[in-house]
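Contents: one structure, followed by commentary.
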Amino acid sequence: MCGITGWVSFERDLGEPGHRADAEAMTATMACRGPDAEGLHVERHAALGHRRLAVIDVEGGAQPMSVRTDDGEVVLLHSGEIYGFEDLRAELVRRGHRFRTRSDTEVVLHGYLEWGEAVAEHLDGMFASAIWDGRVERLVLVRDRLGIKPLYYAETPDGVLFGSESKALLANPLGDRTVDLDGMRSMLSLAVPPGASLWRGMREVLPGGLVVVDRDGLREHRYWTLATRPHTDDLPTTLETVRGLLEDVVAHQTVSDVPRCTLLSGGLDSSVLTALAAKALAARGEQVRSFAVDFVGEGDGEGATPDSPFATEVAEHVGTRHERIVLDHLAMADPSVRRAVIASRDSPVTWGDIDSSMYLLFKAIREHSTVALSGEGADELFGGYEWFTHPERRAHDSFPWMEVLVRRSQAQLSSRLSGDLRAALDLPAFVDAQYASAVAEVGHLDGESEEERRYRVMSYLAVTRIERSLLERKDRLSMAVGLEVRVPFCDHRLVEYVYNVPWAMKSYDGHEKSLLRGAAGDLLPASVRERRKLPYPANPDHDYTRALLQQGADLLAEGHPVLELVDDGWLRDVVRRDPAETPLGVRAGVERVLGLGVWLDLYQPRLVLD
């Protein structure tokens with residue numbers, strides 16, 4: 001796992017000292033993503049920077065990595081992991097390629113030499129890569145199918161800037177710090193258009209997408225989309241296939257040259273993952289480590305959440321080395337933690353204490369492991385959310401999670417903005433337009449019932465919209481502390497198969513995520529196998545709320561610029577509340593305002609909101 005960034009300019013000499021310094025500054029912003037090493041490749045029209053988190057072939061996988069050919073040099077920047085790359089390397093050896101390292105990076109590089117841009121179709125994993133083909137002066141940017149690894153780009157008058165995070169582009173003098181109404185809409189709506197960015201002129205490479213830049217301009221296309229196909233397997237075959245895919249995926253994703261672990265909450269998803277990882281590692285004579293998050297003073301008085309007994313039971317059942325990471329409530333309210341979270345995400349919109357606790361959890365885990373497996377993506381794929389089974393929410397003519405957010409509107413930053421700004425944004429119209437666009441992408445089969453079509457739409461929206469925001473959060477918070485988080489449920493082969501399983505089969509026993517439980521539930525204790533889904537634990541502590549309200553009062557006292565954007569009358573009323581009587585939704589609203597204030601301080605954006 002790494003951070004990549006670069007600058008291609010067809011009218012400048014990027015080898016000049018000033019431009020090289022700009023490329024070095026861009027690379028420095030990726031230090032958290034790659035704490036182990038850095039590299040910079042500079043030639044006349046391309047400057048390519050890399051920060052490395054060494055996971056595979058620690059000694060031999062340094063980047064930028066290049067190959068000299070008779071026609072010129074080809075240089076690769078690679079972030080992420082290619083699973084099963086050994087098989088791909090063997091195929092390339094049969095085709096005449098010779099390798100100097102054991103790294104997956106070199107396999108991607110030689111794959112490009114063999115197949116050109118079509119190399120993306122041969123890669124299985126989570127990745128964001130940049131290839132500078134000096135033979136023809138062409139840059140190729142490529143991103144994994146589900147968008148697990150981020151990759152941003154912005155056109156310039158004579159080329160392009162790119163990077164794993166937007167802060168890398170903003171470190172260049174050509175980076176535009178302007179945020180307009182469209183950027184704010186994308187940030188605030190939870191209906192982000194594919195490829196959109198908060199910053200004007202900056203975009204993300206689409207999941208399953210390629211961007212090609214040369215002297216003729218910039219072109220983008222998709223090499224993969226989530227396609228609708230008939231499902232012809234019966235239930236026993238489907239369960240067997242899902243189990244086989246899960247075992248294969250986890251076996252590949254537990255390959256690492258550095259310590260790895262699992263994130264174990266005690267819920268179905270993380271428990272299945274941990275059990276499969278324990279089985280895969282036991283076959284290699286190893287024991288898996290597992291970690292769970294708890295909070296000081298909760299549950300049994302020793303920091304236990306309601307998840308703790310289940311996580312412990314799974315750990316004992318499958319034989320992991322289990323550890324509880326106990327977080328302090330006031331540490332989560334520390335302004336330095338909020339600042340770190342905002343800086344990692346490049347955005348003021350966070351999930352408050354949930355993001356803070358996740359950041360602190362990852363920071364603690366990083367002291368023991370470099371790689372962690374997470375259950376992210378199972379709810380979206382197997383139908384674990386309440387809107388899949390709740391008739392009213394299923395019928396809601398918008399993104400299904402929007403109805404839930406409306407009921408929790410106190411927590412949304414958009415509801416705390418000034419009246420004029422809310423009117424200018426007109427978020428309801430924006431969300432409606434994005435919903436219509438997303439639904440139009442969904443393919444349907446002839447003869448599908450209206451009910452099955454609706455389930456397919458909800459599944460598509462979950463995988464291609466809400467899941468991407470969750471993957472972005474997990475990537476940013478983990479990479480902020482140099483922890484690589486792998487997400488087996490987002491393997492594209494598993495996603496393609498399960499997405500097309502009819503809903504009646506996904507819910508064949510009337511429980512949530514029936515297909516997952518039926519495919520792998522035999523690995524788990526009965527209590528966990530039958531357990532209902534719980535969300536990631538929030539922080540109910542009154543001292544935490546008291547600290548937030550005081551920080552809100554401090555914003556008011558100093559006349560912070562954030563008050564020009566938010567409803568300061570609401571904030572003045574809220575900070576006078578008794579912490580013990582402040583609802584979680586109201587508290588979350590304060591968290592959002594505080595986050596917006598930190599973001600303004602850190603990024604100094606130029607707001608164009610008219």
Give the minimum heavy-atom separation between [X] and [Y], together with the two atoms involved.
{"X": "Leu524", "Y": "His317", "result": "C-NE2, 3.9 Å"}
{"X": "Arg517", "Y": "Leu268", "result": "NH2-CD2, 3.9 Å"}
{"X": "Val119", "Y": "Gly111", "result": "CG2-C, 3.5 Å"}
{"X": "Leu151", "Y": "Val142", "result": "CD2-O, 3.9 Å"}
{"X": "Ser129", "Y": "Leu76", "result": "CB-CD1, 4.1 Å"}
{"X": "His78", "Y": "Gly80", "result": "NE2-O, 3.7 Å"}

Please confirm whether the backbone N or O of [Y] pairs with a side-chain atom of [X], one donor and one acceptor, at under 3.5 Å?
{"X": "Ser347", "Y": "Val349", "answer": "yes"}
{"X": "Lys149", "Y": "Glu81", "answer": "no"}
{"X": "Asp475", "Y": "Leu471", "answer": "no"}
{"X": "Thr228", "Y": "Gly443", "answer": "yes"}
{"X": "Ser256", "Y": "Val258", "answer": "yes"}
{"X": "Ser344", "Y": "Val341", "answer": "yes"}
{"X": "Asp233", "Y": "Thr237", "answer": "no"}
{"X": "Glu106", "Y": "Thr101", "answer": "yes"}
{"X": "Ser164", "Y": "Ile4", "answer": "yes"}
{"X": "Thr312", "Y": "Pro309", "answer": "no"}

[X] versus [Y]: any side-chain heavy-atom pair under 4.5 Å?
{"X": "Leu281", "Y": "Val288", "answer": "yes"}
{"X": "Glu220", "Y": "Val205", "answer": "no"}
{"X": "Asp133", "Y": "Glu117", "answer": "no"}
{"X": "Asp269", "Y": "Phe382", "answer": "no"}
{"X": "Arg98", "Y": "Val93", "answer": "yes"}
{"X": "Pro194", "Y": "Pro207", "answer": "no"}
{"X": "Leu263", "Y": "Ile365", "answer": "yes"}
{"X": "Glu512", "Y": "Thr389", "answer": "no"}

Just by distance, with hydrogens left out, do [X] and [Y] show a side-chain donor and acceptor under 3.5 Å apart?
{"X": "Thr464", "Y": "Glu441", "result": "no"}
{"X": "Arg284", "Y": "Thr254", "result": "yes"}
{"X": "Asp491", "Y": "Tyr83", "result": "no"}
{"X": "His231", "Y": "Thr238", "result": "yes"}
{"X": "Thr105", "Y": "Ser103", "result": "no"}
{"X": "Ser527", "Y": "Glu313", "result": "yes"}

Could you check Val249 against Arg493 for side-chain contact (heavy atoms from CB on, under 4.5 Å), going step by step and ending with a plain yes or no?
CA-CA 9 Å; Val249 169; Arg493 297 168 301 154; 3.4 Å; yes

Run the side-chain contact (heavy atoms from CB on, under 4.5 Å) test on Leu141 and Leu210 for me, step by step, so that the C-alpha distance in whole Å, both residues' side-chain angles and the decisive distance to 0.1 Å come before the verdict.
CA-CA 6 Å; Leu141 303 176; Leu210 281 161; over 6 Å; no

Give the ring-plane orientation class for [X] versus [Y], where under 30° counts as parallel, over 60° as perpendicular and anything between as tilted.
{"X": "Tyr435", "Y": "Phe399", "answer": "perpendicular"}
{"X": "Phe388", "Y": "Trp503", "answer": "parallel"}
{"X": "His122", "Y": "Trp115", "answer": "parallel"}
{"X": "Trp387", "Y": "Tyr385", "answer": "parallel"}

Go through Glu450 and Arg454 one step at a time and tell me if the salt bridge (Lys or Arg N to Asp or Glu O under 4.0 Å) criterion holds.
CA-CA 6 Å; Glu450 284 302 313; Arg454 183 58 188 163; over 6 Å; no

Set out, in order, the CA-CA distance, both residues' side-chain angles and the distance that settles salt bridge (Lys or Arg N to Asp or Glu O under 4.0 Å) for Asp379 and Lys513, then state yes or no.
CA-CA 8 Å; Asp379 283 324; Lys513 292 183 283 194; 2.7 Å; yes

Could you check Ser265 against Asp307 for side-chain hydrogen bond (donor to acceptor under 3.5 Å, both in side chains), going step by step and ending with a plain yes or no?
CA-CA 6 Å; Ser265 70; Asp307 288 329; 5.0 Å; no

Evaluation steps, side-chain contact (heavy atoms from CB on, under 4.5 Å), between Ile148 and Phe127
CA-CA 7 Å; Ile148 303 168; Phe127 55 88; over 6 Å; no

Within this structure, what is the [atom1]-[atom2] distance for the pair [X] and [Y], rounded to the nearest 0.5 Å?
{"X": "Leu139", "Y": "Tyr153", "atom1": "CG", "atom2": "OH", "answer": "11.5 Å"}
{"X": "Leu113", "Y": "Leu92", "atom1": "CG", "atom2": "CG", "answer": "9.0 Å"}
{"X": "Leu273", "Y": "Leu246", "atom1": "CG", "atom2": "CG", "answer": "8.5 Å"}
{"X": "Glu121", "Y": "Leu123", "atom1": "CD", "atom2": "CG", "answer": "9.5 Å"}
{"X": "Cys261", "Y": "Phe291", "atom1": "SG", "atom2": "CZ", "answer": "5.0 Å"}
{"X": "Leu239", "Y": "Leu515", "atom1": "CG", "atom2": "CG", "answer": "5.5 Å"}

So, using side-chain hydrogen bond (donor to acceptor under 3.5 Å, both in side chains) as the criterion, who are the partners of Glu530 when residues are at least two apart?
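Per chain and number, Glu530 pairs via side-chain hydrogen bond (donor to acceptor under 3.5 Å, both in side chains) with no residue.
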
Pair [X] + [Y]: basic N to acidic O under 4.0 Å:
{"X": "Arg260", "Y": "Glu286", "answer": "yes"}
{"X": "Arg345", "Y": "Glu472", "answer": "yes"}
{"X": "Arg486", "Y": "Glu484", "answer": "yes"}
{"X": "Asp104", "Y": "Arg89", "answer": "no"}
{"X": "Arg145", "Y": "Glu496", "answer": "no"}

Within 45° cone of Tyr499 ring axis and under 6.0 Å: Arg456 NZ or CZ
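Output yes; distance and angle both within limits.
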
Would Gln434 and Arg465 count as a side-chain contact (heavy atoms from CB on, under 4.5 Å) here? Give the steps.
CA-CA 10 Å; Gln434 295 309 315; Arg465 295 304 193 271; 6.0 Å; no

For atom CZ of Arg321, decide whether the heavy atoms of other residues, nucleotides or ligands shown that lie under 6.0 angstrom number more than 12.
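12 or below, so no.
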
